[in-house]
There are 2 protein chains.
Amino acid sequence: MDLATLMYVSYRAMDERVLTAMRAAGYDITAAQSRIAQRIDDEGSRLTDLAERAQVTKQTASQLVVALERQGLVERVPDPADGRARLIRFTERGRAAAQEAMQVVIGVEQEWAEHLGPRMTAQLRAALARLREVTDPYA
Amino acid sequence: MDLATLMYVSYRAMDERVLTAMRAAGYDITAAQSRIAQRIDDEGSRLTDLAERAQVTKQTASQLVVALERQGLVERVPDPADGRARLIRFTERGRAAAQEAMQVVIGVEQEWAEHLGPRMTAQLRAALARLREVTDPYA
DNA sequence: TATAATGGTCAGGGATACTGACCATATTGG
DNA sequence: CCAATATGGTCAGTATCCCTGACCATTATA
C-alpha cells in the first residue's frame, strides 16, 4: 500500500472519531465544516484566508461558514481594517465546540502513541512535518 | 498541527498529482472513482467488497462503477460462483489507466523519498503501517 | 481620477454519498 | 424439503460539497 493511501486510512479514522464524538455531544457538524472551523484564528479570520487555508474556493468556504453560522458556532462581524471584508470568529458555543473537538483529537493521538510507542510516534511526526514542506502549498 | 491533519495534507497533494496526470493523459477520472478502481482485484471484485474496502455504501460504489464503466475502464460480468453477483473487472484500457496511475504514485513517492532521505522514509512507512493496525477497519 | 485588484455574494450545476425501499438468488433451520 | 432469513444489487430521492461564471462594493494603484 502506498504512503498516501496509508495516510488517508488513518486520517479518515481520526475524522470519524471526531465527528462521532461531536455528534454525541450535540453538535451537528460535518467534516468539511470542521476543516473550515479549524482554521479560524482566535481574533477572527477573513473568508478568503479560510478558503485558501482549506484549499477550497471562497464560494465553498462561504457556504460552510453559513452552515456554521446557522448552528450558532461562528459569527460574522465587519472588519474594521477593510470595509469590504468581514471577520469570521467563534461564538462562545463555537469556541466550546472547538475545544471539545481538540480534546478528542488529543485523545485519539494518545491512543495512537500508545500503540506506536514514543520513539515511533516521534519519528512519524517528524517525517510528516518534513514531508509537509513539499506537499503543503500554504505552509 | 495534529498528526491526522499532517497526513491529510500530503495525501491530498498526492491525490492532486495523480488526478492532474491522469487528466493530462486523457482519462476523465475523479478522486472517488480512483479510490474504487484502486480496490479492484485482477480477477475482478464484487461491488459489495469494493464498497466495504472503500468504506462507502454499495449504492455509492455502484454509482462510481457506473461512471468507470461509461468511460470504458471497467466492465461487469456475471459471477459464475453466485447468480446474484457480478464481477467488476478492468478492461484493457482500464488496466492501462491503473498502471499509469501507479507510475505517478511511484514517481511522487520517489520525490518524497528524496526530500526525506532513506532513513526517514523508512521510518514513515513503518509507522504508518503500524498505525494502520488500529485505524483500518478492513485491514 | 480612471483602472485594476481584492473581499464577498448570488446562481446554477456536477459529483459524492447517504437512507429507504425493493427485487432476485442463496443459505439455513425446522 | 421448504419457509424464513441473509446476501448481492438496483432504483429513487435527497443533502452536502465543491466548482465555474457573473456580479457588486470597497480599496489600492498608475
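In this text, all values refer to a predicted model and were calculated from it rather than measured experimentally. Residue numbering restarts at 1 for every chain, and letters A, B, ... go by the order of the sequence lines. The basis for the numbers below is simple: all heavy atoms, side chains too, and nothing from hydrogens, waters or symmetry mates.
In this structure, the side chain to side chain contact (heavy atoms under 4.5 Å, CB included) partners of B/Arg86, at least two apart in sequence or on a different chain, are B/Arg76. Taking the side chain to side chain contact (heavy atoms under 4.5 Å, CB included) definition, one finds that A/Ala126 meets it with B/Met120, sequence neighbours left out. In terms of the salt bridge (charged side-chain N to carboxylate O under 4.0 Å, His left out) criterion, residue partners of A/Asp79 (sequence neighbours excluded) are, by chain and number, A/Arg46. In this view, B/Gln59 and B/Thr57 satisfy the side chain to side chain contact (heavy atoms under 4.5 Å, CB included) rule, not counting sequence neighbours. Legend: residues meeting salt bridge (charged side-chain N to carboxylate O under 4.0 Å, His left out) with A/Arg93, ordered by chain and number and at least two apart, are absent. Looking at residues two or more places apart in sequence or on another chain, you find a side chain to side chain contact (heavy atoms under 4.5 Å, CB included) between A/Ala54 and A/Ile36, A/Arg39, A/Val56.
Under a cut-off of 6.0 angstrom, the local environment of CE in A/Met102 is sparse, with at most 12 non-hydrogen atoms contributed by other residues, nucleotides or ligands. Enclosure of atom CD in A/Glu92 is not indicated, since only 12 or fewer non-hydrogen atoms of other residues, nucleotides or ligands lie within 6.0 angstrom. The number of heavy-atom neighbours closer than 6.0 Å to CZ of B/Arg89, taken from other residues, nucleotides and ligands shown, is 12 or below.
What separates CD of B/Gln63 from P of C/dA15 is a distance of 9 Å, to the nearest Å.
Between B/Asp42 and B/Arg95 there is a salt bridge, with a side-chain nitrogen of the basic residue lying less than 4.0 Å from a carboxylate oxygen of the acidic one.
Of the residues in residues 73-91 of chain A, those lying under 4.0 Å from DNA chain D by heavy-atom distance are A/Asp82, A/Gly83, A/Arg84. Near DNA chain C, meaning a heavy atom under 4.0 Å from it, residues 24-33 of chain A has no residue at all. Within a heavy-atom distance below 4.0 Å of DNA chain D, the residues of residues 49-60 of chain B found are B/Lys58, B/Gln59.
Contacts classified as ring-ring contact (aromatic ring centres under 6.0 Å, His included) and involving residues 3-54 of chain B (residues at least two apart or in different chains) are given here: A/Tyr8-B/Tyr11, A/Tyr11-B/Tyr8. For residues 9-36 of chain A, the pairs satisfying salt bridge (Lys or Arg N to Asp or Glu O under 4.0 Å) are A/Arg17-A/Glu111, with sequence neighbours left out.
Reading DNA chain D from its 5' end, the first and the last nucleotide to sit under 4.0 Å from a heavy atom of chain B are D/dA6 to D/dC11.
Remark: B/Arg35 is in phosphate contact with C/dA17, judged by side-chain N or O atoms under 4.0 Å from OP1 or OP2.
Judged by distance alone, the side chains of A/Asp49 and A/Ser45 never bring a donor and an acceptor atom under 3.5 Å apart.
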